[in-house]
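Take a look at the structure set out below.
Below, chains carry the letters A, B, ... as their sequence lines are ordered, and counting in each starts from 1.
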Amino acid sequence: MNESKDFLRLKVDEDLKSGKYKEVITRFPPEPNGFPHIGHAKSICINFGIARDYNGHCNLRMDDTNPTKEDTKYVEALKDAVEWLGFDYGENCCFTSDYFPKLYDYAVQLIKMGKAYVDSLNEDDMREFRGTVKEAGKRSIYAQRSVEENLELFEKMKNGEFKDGEHVLRAKIDMSAANMKMRDPLLYRIRHAHHFRAGDDWCIYPMYDFAHCLSDYIEGVSHSICTLEFENNRAIYDWVLNELNLQLPRPYQYEFARLGINYTVMSKRKLLELVEGDYVHGWDDPRLPTIAGYKRRGYTPESILNFCDQIGIAKANSMVDVSQLEFCIRDDLNKKVPRVMCVLDPVKVSIENYDGSEKIEASYYPHDVPKEGNRKLPFSREIYIERDDFNENPPKGYFRLTPEQPVRLKHAYILTCKEVIKDDNGNVIEIKAEYHPDSKSGSDTSGIKVKSAIQWVDAKKAKQIEVRLYDRLYKNESPEGLEDLNPNSLHVNKNALIEPAVIEEKPDERFQFERQGYFYADPIDYTNEKPVFNKIVGLKDSWGKKATSNKPTPKQVAKKVQIDGEIAPMSEEQEALFAKYTKNLGLNNEIANILARDEQLSSFYEEALLVISSPISLANIVTNEVGRELKKESELKFNAKQIAELVKMIDDATISSKIAKQVFEEMITSGENPEVIVEAKGLVQISDPAQIEPIIDEVIKNNPENIAKFKAGNTKLLGFFVGQVLKSTGGKANPAVVNKLVAGRLKDV
RNA sequence: UGGGGAUUCGCCAAGCGGUAAGGCACCACGUUUUGGUCGUGGCAUUCAUAGGUUCGAAUCCUAUAUCCCCAUCCA
């Protein structure tokens with residue numbers, strides 16, 4: 001488990017600590033218009049996971065505000081996915097459609113406040129009026145309608161007196177907002193459509209931006225977690241909740257990066273296209289990244305959960321490598337499932353010196369899996385082995401059967417090849433061999449050394465099965481469309497042979513077919529007469545990789561050349577200021593440049609300069625620290641004079657620049673004078689070596705390992721020791737002095 | 001002539017001014033009746049780039065580059 005917390009949990013910690021919320025309530029809010037995929041699983045893990053970690057709860061909420069796309073079959077798939085992953089939403093399966101009456105009332109309230117209006121522009125005009133990303137939009141003439149008129153119109157909309165598209169309800173915000181989402185967003189539209197749950201009760205339906213925030217509020221959600229593409233919508237989320245003056249606490253929205261996995265697609269549109277176009281066999285096709293697909297393929301919930309845990313949560317768009325997912329399922333199944341023998345591409349072996357038959361007792365589990373269970377393997381004169389496990393002209397490093405090299409039949413005897421029989425085309429159709437009677441597994445006295453043990457099945461007792469072998473659905477790492485589909489993503493093998501116990505005893509539903517991979521008895525198509533197995537994932541195969549891979553082409557890392565963009569020229573006044581700062585005051589170019597280009601900064605600087613004539617240190621602190629505060633919305637609590645005083649204390653070495661930062665932080669929040677802060681906190685700098693030396697001794701004593709590393713040549717550790725000393729003085733030690741002393745001491749140890 | 005995000009190893013991802021965590025992948029060795037598992041070791045003198053502040057910068061400041069999102073009566 002990750003020790004470090006993700007940014008969402010950090011936020012929850014903070015909110016709980018500050019008392020903003022008493023309980024953590026989250027929600028998983030899918031729209032029931034498609035089957036959930038592994039991206040949804042990530043969201044489920046985040047929302048239900050956080051609720052679980054903080055003893056809160058998580059609602060499963062169907063965001064069903066668009067009657068034309070949604071359906072109850074998707075609701076079932078969604079519920080099933082959540083349950084399969086092991087989460088319990090209890091009574092809390094909610095529907096936005098249940099809130100339609102409340103939502104309507106909120107809309108009326110907004111109209112009454114003059115914050116929403118009925119617009120009657122047609123769709124094209126509305127787009128036109130919205131402007132573009134770079135140009136402001138303009139408001140519809142209908143925005144001038146009176147509250148009464150709006151109320152009346154809205155009610156008529158609800159009563160079905162208008163046709164689809166005739167009117168909409170819009171929020172009155174700002175048609176020139178830089179955030180396009182805030183240009184009077186739509187709140188309600190008319191849809192004379194049957195809703196799968198609300199029936200025909202409504203002919204107006206709320207939009208996402210209006211319904212979502214209020215649904216969260218109605219449910220008492222504290223942390224409303226969604227994906228990155230909703231970042232711009234957060235402004236409306238906040239606007240609606242603020243304008244309505246709701247009773248606190250209210251929810252806040254946070255965004256994380258959605259999951260991307262290479263060689264697959266995750267968009268609902270593309271998934272739907274694959275299913276409806278019959279490029280795959282339904283939503284639960286094992287090649288699909290849907291939950292239903294993984295479930296049918298044989299993935300375990302544990303493996304998906306573990307995968308979601310491993311990939312983490314962050315805000316950077318990312319593409320996770322499928323090998324990470326494959327690792328998770330192998331890792332899970334490795335410790336759980338029985339090993340059995342199956343031959344996918346059989347070639348007959350006649351053991352010429354063997355007569356009769358026997359049953360060999362064999363464990364289902366290897367020595368490193370602590371589980372119990374055995375079966376009997378029938379063995380006789382005729383068996384089948386894997387075609388790949390014999391080679392007449394073996395490459396270097398081939399461990400299996402060759403005319404010269406014997407091999408062990410797993411759990412049974414060592415076999416030596418005597419003769420190879422081929423058809424007219426040169427294909428091997430049979431191998432004649434001899435076994436070594438004294439080489440039986442467990443009582444081998446033959447002394448023969450073999451390089452590997454291969455799987456086999458008895459020719460008479462083996463059962464024929466169908467095996468469905470899946471490869472990645474797309475041939476491209478970042479597939480765009482149908483043209484990127486892998487034509488060989490499914491291979492059906494109807495002639496595989498498996499040892500009888502698997503079919504007769506059914507010890508499990510998932511197996512490792514020894515040396516091949518993990519397989520799952522298909523939950524739908526499997527019958528006793530015609531057993532069907534799905535390949536979940538192959539075993540890691542370092543031999544196959546080595547044998548296939550072409551020579552490692554040394555990837556030349558073309559060093560990226562960074563193209564520098566153009567820098568905006570300075571105005572004449574800025575030039576003059578820049579010249580003055582560099583020539584008269586002796587500032588460096590960077591600082592002078594920043595100051596000269598920022599009117600607000602330079603005037604702050606000039607004002608402070610009147611109090612103390614220490615142009616350089618003043619300029620440094622103004623550009624690097626004050627600038628940051630100036631950019632914030634809130635007003636400054638400190639003034640130029642106080643900054644000048646702070647600089648004065650640095651200049652006369654009362655405090656170090658490290659302490660100055662601490663003092664500055666305090667000034668930001670309290671607006672107190674620097675002297676007062678220094679006095680109150682006793683932040684005066686310690687420069688006396690006699691006081692510092694004992695602390696250094698202490699630090700050296702407490703970090704013997706790092707001293708050793710330092711002696712071994714890790715000179716970076718100097719900084720570490722300086723840091724430790726500074727830390728134990730609460731930052732008060734004079735860093736320059738500490739540095740010198742520590743450097744001196746470390747030389748001697 | 002916009003706004004909002006992001007950038008740390010091949011892929012994820014910690015890090016919040018004081019030693020660049022961890023996982024996947026990869027490489028090597030050891031164990032092995034699965035070319036699996038397991039074990040051990042190796043994988044970032046450097047955090048998109050360039051400057052600046054600091055005793056000390058992935059972390060603070062400035063500029064630049066690149067990628068993603070926003071102009072559905074979808075969510």
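- The side chain to side chain donor-acceptor pair (under 3.5 Å) check on A:S657 picks up nothing, with sequence neighbours excluded.
- Between A:N317 and A:D321, it is A:D321 whose nearest contact on RNA chain B lies nearer the 5' terminus.
- A distance below 6.0 Å separates the ring centres of A:F210 and A:Y188.
- Electrostatic pairing of A:E231 and A:R234 does not count as a salt bridge here, judged by no charged N lying under 4.0 Å from a carboxylate O.
- Under the side chain to side chain contact (heavy atoms under 4.5 Å, CB included) criterion, A:S267 pairs with A:R269, A:K270, not counting sequence neighbours.
- If you check B:G39 for Watson-Crick or wobble pairing at under 3.5 angstrom, you find it paired to B:C29.
- Here the P atom of nucleotide B:A14 and the CD atom of A:Q310 are 14 Å apart, to the nearest Å.
- With both pairing distances under 3.5 Å, B:A20 is matched to nothing as a Watson-Crick or G-U wobble pair.
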* Which nucleotides of nucleotides 69-75 of chain B have their base under 4.0 Å from a protein heavy atom (B), which only their sugar-phosphate (S), and which neither (-), written as one string 5' to 3'? -> BBBSBSB
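- Ring-base stacking between A:F720 and B:G18 is not satisfied when judged by a centre separation under 5.5 Å and a plane angle under 30°.
- Within the 4.0 angstrom heavy-atom criterion, no nucleotide atom of any strand lies near A:G137.
- Distance check on atom P: B:G36 versus B:A25 gives 12 Å, rounded to whole Å.
- We find that CG of A:L646 is positioned 18 Å from P of B:U53, with the value rounded to whole Å.
- Taking atom P on both nucleotides, B:G41 is separated from B:C9 by 24 Å, rounded to a whole Å.
- Taking atom P in both B:G52 and B:C11, the straight-line distance is 30 Å, to the nearest Å.
- Regarding A:I261, its CD1 atom lies at a distance of 13 Å from the C1' atom of B:C24, rounded to whole Å.
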* To do: Show your working on ring-ring contact (aromatic ring centres under 6.0 Å, His included) between A:Y237 and A:F230 and close with a plain yes or no.
  => CA-CA 10 Å; A:Y237 191 101; A:F230 291 99; over 10 Å; no
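- Proximity of residues 724-743 of chain A to RNA chain B (heavy atom under 4.0 angstrom from any strand atom) is restricted to A:L726, A:P735, A:N739.
- Only the P atoms considered, B:A50 is 16 Å distant from B:U66, to the nearest whole Å.
- Taking 4.0 angstrom as the limit, A:N703 places none of its side-chain polar atoms (N or O) nearer than this to OP1 or OP2 of B:U19.
- The side chain to side chain donor-acceptor pair (under 3.5 Å) search around A:S303 returns A:T300, not counting sequence neighbours.
- Residues forming a side chain to side chain contact (heavy atoms under 4.5 Å, CB included) with A:M319 (at least two apart in sequence, or on another chain): A:N262, A:S478.
- A salt bridge does not link A:D209 to A:K181: none of the charged nitrogens lies less than 4.0 Å from a carboxylate oxygen.
- For A:I567, counting side-chain heavy atoms from C-beta on, the closest listed nucleotide (B:A6, B:U33, B:A63) is B:A63.
- The pairing partner recorded for B:A48 is B:U64, the criterion being a Watson-Crick or G-U wobble arrangement whose two distances lie under 3.5 angstrom.
- At a threshold of 4.0 angstrom between heavy atoms, the contacts of A:Y398 include nucleobase atoms, whether or not backbone atoms are also involved.
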* **Per-nucleotide protein contact string for nucleotides 36-47 of chain B, where B marks a base within reach and S marks sugar-phosphate only (heavy atoms under 4.0 Å, - for neither)** => BB--------B-
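- Under the rule for a side chain to side chain contact (heavy atoms under 4.5 Å, CB included), the partners of A:Q662 that lie at least two apart in sequence or sit in another chain are A:L683.
- Atom CD of A:E135 and atom P of B:G2 are 12 Å apart (whole Å).
- Using atom P as the reference point in both B:U8 and B:G3, the two lie 24 Å apart (nearest Å).
- Nucleotides B:C61 and B:A20 place their C1' atoms 23 Å apart, quoted to the nearest Å.
- Rounded to an integer number of Å, the gap from A:L718 CG to B:U19 C1' is 12 Å.
- In summary, the side chains of A:N734 and A:S656 do not present any donor paired with an acceptor at a separation below 3.5 Å, with no hydrogens or angles considered.
- One interatomic measurement links the two molecules: CE of A:M182 to C1' of B:G4, which rounds to 13 Å at whole-angstrom precision.
- Every side chain to side chain donor-acceptor pair (under 3.5 Å) that A:D444 has, sequence neighbours left out, goes to A:R408, A:S446.
- Remark: A:N306 pairs with A:Q310, A:C328 by the side chain to side chain contact (heavy atoms under 4.5 Å, CB included) rule, at least two apart or across chains.
- Distance check on atom C1': B:U7 versus B:A58 gives 12 Å, rounded to whole Å.
- Side-chain proximity of A:K709 to the nucleotides B:U7, B:C55, B:U19 is greatest for B:U19.
- Rounded to whole Å, the distance from NZ on A:K5 to C1' on B:G22 is 17 Å.
- The shortest distance between side-chain heavy atoms of A:Y581 and A:Y605 falls below 4.5 Å.
- Taking for each of A:I311 and A:K410 the nucleotide of RNA chain B with the nearest heavy atom, the 5'-most of the two is the partner of A:I311.
- If you take atom P in B:G23 and the same atom in B:G18, they sit 24 Å apart, rounded to whole Å.
- Among A:K410, A:R339, A:Q455, the single residue meeting the side-chain hydrogen bond (donor to acceptor under 3.5 Å, both in side chains) criterion with A:E514 is A:K410.
- In this structure, A:N706 reaches the bases: a heavy-atom distance under 4.0 Å links it to at least one base atom across the strands shown.
- Counting atom types as modelled, A:R515 pairs no side-chain N or O with a base atom of B:U34 as donor and acceptor under 3.5 Å.
- Base contact: A:R400 has a heavy atom under 4.0 Å from a base atom.
- Once rounded to the nearest 0.5 Å, the distance linking OH of A:Y74 with CG of A:N33 reads 7.5 Å.
- Computed from coordinates, the A:D6 CG to B:A14 P distance equals 8 Å when rounded to whole Å.
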* Structure fact -> Heavy-atom contacts, protein to nucleotides 57-62 of chain B, under 4.0 Å, summarised as B (base), S (sugar-phosphate only) or - (none) per nt, yield B--SBB
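- The side chain to side chain donor-acceptor pair (under 3.5 Å) test applied to A:S318 returns no partner, not counting sequence neighbours.
- Remark: the backbone N or O of A:T132 is not paired with any side-chain donor or acceptor of A:E135 at under 3.5 angstrom.
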